[in-house]
Amino acid sequence: MAIRHIIYYPDPVLLKKADTVSGFNAELNNIFDDMVETMFAAKGVGLAAPQIGISMRIAVIDADIENRGSRILRLVNPVIIEAKGKISWREGCLSIPGLDLDVERRERVVMEALNENGDTIREEASGFLAIAIQHEIDHLDGTLILERVSALKRNFYRKKIMKHGLPLVMDEQDRGSQERTQLRG
Ligand code: CO
């Protein structure tokens, strides 16, 4: 197992649709092990393969922040098959360090995916886990949290990142309140 280097915005690997996975083998298991280790090292609740430079539809999620490691989801080719409601949450991204944005998501989702053995898994999630699932699937489609806010905000932060680089230092008034557990994935 090894901690991988996390790729930062605007690297092109983060902005393209990742490839569907068809092979279930030792290499896939190695990628999963590295992703879990990298996610923990970065104190994230999720990590998608493009974030370590691998353009494949693979993600890991560990959304139980009180019992870290107790329930790690290893997802291959995840898809949302049902979504209900709306919820806004403060999200950060391991690939855009320093940036926190209020993102609107679906409140409840049903996700189907394969696990590392190729078995179908189904997850009915709400709240924090539902948001983490949507954040990671977004990564597999080349969509970052910057694309989930208004064009005005997007351009503002894009310019700031291009000018100052990452990690981004946010203004105090932009940081918002932290009354809820923040998601970083
Ligand atoms: Co992210």
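Numbers here are sequence positions counted from 1.
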Discussion item. If hydrophobic clusters are built from ILVMFWY residues whose side chains come within less than 4.5 Å, do Ile131 and Val79 share one?
Written reply: no
Practice prompt. For residues His135 and Cys93, report the shortest heavy-atom separation together with the two atoms involved.
Written response: NE2-SG, 3.9 Å
Practice prompt. For the residue pair Ile72 and Phe40, establish whether any side-chain heavy-atom pair is separated by less than 4.5 Å.
Written response: yes
Worksheet item: Hey, are Asp102 and Arg148 close enough for a salt bridge, meaning a charged N less than 4.0 Å from a carboxylate O?
Response: no
Fill in: Shortest non-hydrogen contact from Leu28 toward Gly23
CD2-O, 3.9 Å
Worksheet entry | Side chain to side chain, Tyr157 and Val149, heavy atoms closer than 4.5 Å | no
Worksheet item: So, Glu82 and Arg108, do they make that salt bridge, N to O below 4.0 Å?
Response: no
Practice prompt. Calculate, to the nearest 0.5 Å, the distance between atoms OG and CG belonging to Ser70 and Asp64 respectively.
Written response: 4.0 Å
Worksheet item: Which pair of heavy atoms, one from Val13 and one from Pro50, lies closest together, and at what distance?
Response: CG1-O, 3.5 Å
Worksheet item: Got more than 12 heavy atoms from elsewhere within 6.0 Å of CD, Glu27?
Response: no
Worksheet entry | Asp138 side, atom CG; Gln134 side, atom CD - distance, nearest 0.5 Å | 7.5 Å
Worksheet item: Which atom names give the shortest non-hydrogen contact between Leu144 and Tyr9, and what distance separates them?
Response: CD1-CD1, 3.4 Å
Item to complete: Test Lys17 against Leu140 for side-chain contact (heavy atoms from CB on, under 4.5 Å), laying out the working first.
Response: CA-CA 6 Å; Lys17 210 171 155 74; Leu140 305 181; over 6 Å; no
Worksheet entry | Sidechain-backbone polar pair: Glu136 side chain, Ala48 backbone, donor-acceptor under 3.5 Å | yes
Worksheet entry | Point-to-point distance, once rounded to the nearest 0.5 Å, from CG of Leu168 to CD1 of Ile161 | 5.5 Å
Worksheet item: Should we count CG of Leu152 as having more than 12 external heavy atoms under 6.0 Å?
Response: no
Discussion item. Membership question, hydrophobic clusters at under 4.5 Å side-chain separation (ILVMFWY): are Val45 and Trp89 in the same one?
Written reply: yes
Worksheet item: Between Gln51 and Ser95, does any side-chain donor sit less than 3.5 Å from a side-chain acceptor?
Response: yes
Fill in: pair Arg154-Glu147: side-chain heavy atoms closer than 4.5 Å
yes
Fill in: Check ion pair Asp141-Arg57 (N to O, under 4.0 angstrom)
yes
Fill in: Same apolar cluster (I L V M F W Y, side chains within < 4.5 Å links), Ile137/Met39
no
Fill in: Cluster check Ile31, Ile121: I/L/V/M/F/W/Y, side chain < 4.5 angstrom
no
Worksheet entry | Arg74 side chain reached by Val36 side chain, heavy atoms, under 4.5 Å | yes
Item to complete: Hey, could you give me the CG/CD1 distance between Asp11 and Ile7, rounded to the nearest 0.5 Å?
Response: 5.0 Å
Worksheet entry | Inter-residue atom distance Arg184.CZ - Asp100.CG, 0.5 Å rounding | 5.5 Å
Worksheet entry | Hydrophobic cluster identity match, Leu114 and Ile54, side-chain contacts under 4.5 Å | yes
Item to complete: Search all heavy atoms of Ser55 against all heavy atoms of Lys16 and return the closest pair with its distance.
Response: OG-CE, 3.3 Å
Discussion item. When you compare the side chain of Met111 with that of Ile81, does any pair of heavy atoms fall below 4.5 Å?
Written reply: no
Worksheet item: Does a side-chain heavy-atom distance below 4.5 Å link Ile61 with Leu75?
Response: yes
Worksheet item: Going by an N to O cut-off under 4.0 Å, is there a salt bridge joining Asp62 and Arg71?
Response: no
Worksheet entry | Taking every non-hydrogen atom, the tightest pair across Ala41 and Ile3 | CB-CD1, 3.7 Å
Worksheet, complete the sentence: Between the CG atom in Leu14 and the CD1 atom in Ile96, the distance rounded to the nearest 0.5 Å is 8.0 Å
Practice prompt. Could you go through the side-chain contact (heavy atoms from CB on, under 4.5 Å) check for His5 and Ile52 one step at a time?
Written response: CA-CA 6 Å; His5 175 69; Ile52 57 165; over 6 Å; no
Fill in: Side-chain heavy atoms of Leu73 within contact of Glu123, under 4.5 Å
yes
Worksheet item: Is there a side-chain contact between Arg122 and Val110, using heavy atoms and a 4.5 Å cut-off?
Response: yes
Worksheet item: Would you call Asp34 and Arg4 a salt bridge, using N to O less than 4.0 angstrom?
Response: yes
